[in-house]
Engineer: 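After the structure tokens below, expect a handful of questions from me.
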Amino acid sequence: MARFALGAKARDAGYRLAGFDSIGSTNSEALAAAAAGDPGGIWFAALQQTAGRGRRGREWHSPHGNLAASLLVVPDASPDTIATLGFVAGVALNAGLSAILPGGMVRIGIDGADGADGRSRIALKWPNDVLADGAKLAGILLETTKTAEGRQAVIIGIGVNVVAAPEGVPYPATSLQALGVARSAEDVFEALSDAWVDAFSLWNDGRGVGAVLTRWRGAAAGIGAPVAISQDGVVRRGIFETIDSSGRLIIRDDDGARHPITAGDVHFGATASARS
């Protein structure tokens, strides 16, 4: 039976929580809440999803004991700025994991100032994943809908492989349990709920995007390394230089030209050279 609880900081900030042992999709539950007029600031968390989804309509596998969590917010920000909430979620999840995992496992710092010595095992992957030892540990999915008043409601869906990683997927995946970390989905959620308060406050309805992106860069995997971006069957290769002020991935090709990437599947290192 699920025993989800908000962290003290999240409770003090007025967030609410609906916890489930099993559910079809926490994102669908949050979308339904938005349609029913919920003002936002509510988390939906579950130990199992039976109809979860990821980016581009892909299925999101979430067996019992993993974390599926979705947050409904109704920010006062432009649509372009709202898109950067995925980076807010990445920063929050990274900070939440850092709070409960053994020291040195999570890449932290500003532009790599800390954790850049290679000891950290967990880092952020553009645009919306968390990697552990190069394998997918967690994913983030943003969905939007309109409220009855015409405002933009945003659902931030977060899935973390706590006890098991999906099999038969086209990318390496891992779990906290496989990493030797004995923490529960409830532990991860409580830490995430508090870390979200800080990251969302920093974002400040889009006025603090720059500060959020700086923190995201400091926790990122692959900056300065070879990268391949697959977009609709076309692969572009180069060096992952940075993310710009809009959150676009910037790669530098062999001729030194810089190319902004707004979407695509990312592969690092040797995988970047091998994939076509």
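This structure is a prediction, so every number in the text was calculated from the model and none was measured.
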Engineer: Excluding sequence neighbours, so at least two apart, what forms side chain to side chain donor-acceptor pair (under 3.5 Å) with Glu241?
Structural biologist: Arg252, Arg258

Engineer: If you take all heavy atoms of Val197 and Ala10, which pair is closest and at what distance?
Structural biologist: CG2-CA, 3.7 Å

Engineer: Calculate, to the nearest 0.5 Å, the distance between atoms CG and CG belonging to Asn204 and Asp76 respectively.
Structural biologist: 10.5 Å

Engineer: Looking at OG of Ser184 and CG of Leu176, how far apart are the two atoms once the value is rounded to the nearest 0.5 Å?
Structural biologist: 10.0 Å

Engineer: Suppose we screen for salt bridge (charged side-chain N to carboxylate O under 4.0 Å, His left out). Which residues come up paired with Asp80, at least two apart in sequence or across chains?
Structural biologist: none

Engineer: For the atom pair NZ (Lys125) and CZ (Phe268), what is the distance rounded to the nearest 0.5 Å?
Structural biologist: 6.0 Å

Engineer: Which heavy atom in Ala199 sits nearest to a heavy atom in Val212, and how many Å separate them?
Structural biologist: O-CG2, 4.2 Å

Engineer: Test your reading of the model: is there a side-chain donor-acceptor pair from Asp265 to the backbone of Ser230, 3.5 Å cut-off?
Structural biologist: no

Engineer: Could you report the tightest heavy-atom contact between Leu67 and Val162, atom names first, then the distance?
Structural biologist: N-CG2, 3.8 Å

Engineer: Where is the tightest heavy-atom contact between Gly96 and Ala191, given as atom of each residue plus distance?
Structural biologist: O-CB, 3.5 Å

Engineer: Output all residues satisfying ring pair (Phe, Tyr, Trp, His ring centres under 6.0 Å) with Phe20, sequence neighbours left out; order by chain, then residue number.
Structural biologist: none

Engineer: When the side chains of residues 149-158 are checked against the rest of the protein, which donor-acceptor pairs come out under 3.5 Å, sequence neighbours left out?
Structural biologist:
from	atom 1	to	atom 2	distance (Å)
Glu149	OE1	Thr147	OG1	3.3
Arg151	NH2	Val74	O	3.1
Gln152	OE1	Lys146	NZ	3.4

Engineer: Test of understanding: with salt bridge (charged side-chain N to carboxylate O under 4.0 Å, His left out), list the residues that count as partners of Asp133, not counting sequence neighbours.
Structural biologist: Arg121

Engineer: With the side chain counted from C-beta on, respond yes when Asn161 and Pro166 share a heavy-atom pair under 4.5 Å apart, and no when they do not.
Structural biologist: yes

Engineer: Check whether any side-chain heavy atom of Lys9 lies under 4.5 Å from a side-chain heavy atom of Asp198, and answer yes or no.
Structural biologist: yes

Engineer: Does Gly7 offer a backbone N or O that forms a donor-acceptor pair with the side chain of Ser193 under 3.5 Å?
Structural biologist: yes

Engineer: Donor-acceptor pair, Asp253 side chain versus Asp255 backbone, under 3.5 Å?
Structural biologist: yes

Engineer: Going by the rule side chain to side chain donor-acceptor pair (under 3.5 Å), which residues pair with Asp12 if we only count those two or more places apart in sequence or in a different chain?
Structural biologist: none

Engineer: Say you draw a straight line from CG of Leu72 to CG of Leu31; how long is it, rounded to the nearest 0.5 Å?
Structural biologist: 8.5 Å

Engineer: I want to check something: taking the side chain as every heavy atom from C-beta on, are Asn128 and Leu141 in contact at a cut-off of under 4.5 Å?
Structural biologist: no

Engineer: Could I get the full list of salt bridge (charged side-chain N to carboxylate O under 4.0 Å, His left out) partners for Asp38, not counting sequence neighbours?
Structural biologist: Arg16

Engineer: Could you tell me the separation between the NZ atom of Lys136 and the OH atom of Tyr171, rounded to the nearest 0.5 Å?
Structural biologist: 4.0 Å

Engineer: Determine, using the 4.5 Å side-chain heavy-atom cutoff (strictly less than), whether Ile250 and Ile223 are members of one ILVMFWY cluster.
Structural biologist: no

Engineer: Show me the pairs that pass salt bridge (charged side-chain N to carboxylate O under 4.0 Å, His left out) and involve residues 156-166, at least two apart or across chains.
Structural biologist: none

Engineer: Is a side-chain N or O of Asp244 found less than 3.5 angstrom from the main chain of Arg248, in a donor-acceptor match?
Structural biologist: yes

Engineer: Which residues satisfy the side chain to side chain donor-acceptor pair (under 3.5 Å) test with Thr26, sequence neighbours excluded?
Structural biologist: Gln49, Ser70

Engineer: Would Phe4 and Leu47 satisfy side chain to side chain contact (heavy atoms under 4.5 Å, CB included), going step by step from the backbone distance to the final call?
Structural biologist: CA-CA 9 Å; Phe4 288 106; Leu47 292 177; 3.7 Å; yes

Engineer: Could you check Val188, Leu97, Leu101 and say which one makes a side-chain contact (heavy atoms from CB on, under 4.5 Å) with Val181?
Structural biologist: Leu101

Engineer: Backbone N or O of Gly139 within a donor-acceptor pair of the Asp129 side chain at under 3.5 Å?
Structural biologist: no

Engineer: For His64, which residues count as a side chain to side chain donor-acceptor pair (under 3.5 Å) partner, sequence neighbours excluded?
Structural biologist: Asp21

Engineer: Looking at side-chain heavy atoms only, is the closest gap between Phe240 and Leu249 below 4.5 Å?
Structural biologist: yes

Engineer: Hey, any chance Val227 and Ile239 share a hydrophobic cluster, counting ILVMFWY side chains that come within less than 4.5 Å of each other, even indirectly?
Structural biologist: no

Engineer: Would you find a donor on one side and an acceptor on the other, under 3.5 Å apart, between the side chain of Asp205 and the backbone of Ala77?
Structural biologist: no

Engineer: Donor-acceptor pair, Ser98 side chain versus Asn94 backbone, under 3.5 Å?
Structural biologist: no

Engineer: After noting the C-alpha distance and the side-chain angles of Leu137 and Ile122, does the key distance pass the side chain to side chain contact (heavy atoms under 4.5 Å, CB included) rule?
Structural biologist: CA-CA 8 Å; Leu137 176 68; Ile122 294 173; 4.0 Å; yes

Engineer: Sequence neighbours excluded and cut-off under 3.5 Å, please list the side-chain donor-acceptor pairs for residues 82-92, or say none.
Structural biologist:
from	atom 1	to	atom 2	distance (Å)
Thr84	OG1	Thr81	O	2.5
Thr84	OG1	Trp203	NE1	2.9

Engineer: Could you tell me whether Trp43 and Phe189 have their ring centroids closer than 6.0 angstrom?
Structural biologist: yes

Engineer: Indicate yes or no: at least one non-hydrogen side-chain atom of Asn66 is less than 4.5 angstrom from one of Val163.
Structural biologist: yes

Engineer: What are the two closest heavy atoms between Leu93 and Ala138, and how far apart are they?
Structural biologist: CD2-CB, 3.7 Å

Engineer: Quick check: closest heavy atoms across Gly247 and Trp126, and the distance to 0.1 Å?
Structural biologist: O-NE1, 2.9 Å

Engineer: Look only at the side chain of Gln48 and the backbone of Gly65, and say whether a donor-acceptor pair between them is shorter than 3.5 Å.
Structural biologist: no

Engineer: Working to the nearest 0.5 angstrom, can you tell me the gap between Leu17 CG and Arg11 CZ?
Structural biologist: 10.5 Å

Engineer: Hey, does Leu124 have a side-chain heavy atom less than 4.5 Å from the side chain of Arg107?
Structural biologist: no

Engineer: Sequence neighbours excluded, which residues qualify as salt bridge (charged side-chain N to carboxylate O under 4.0 Å, His left out) partners of Asp187?
Structural biologist: Arg183

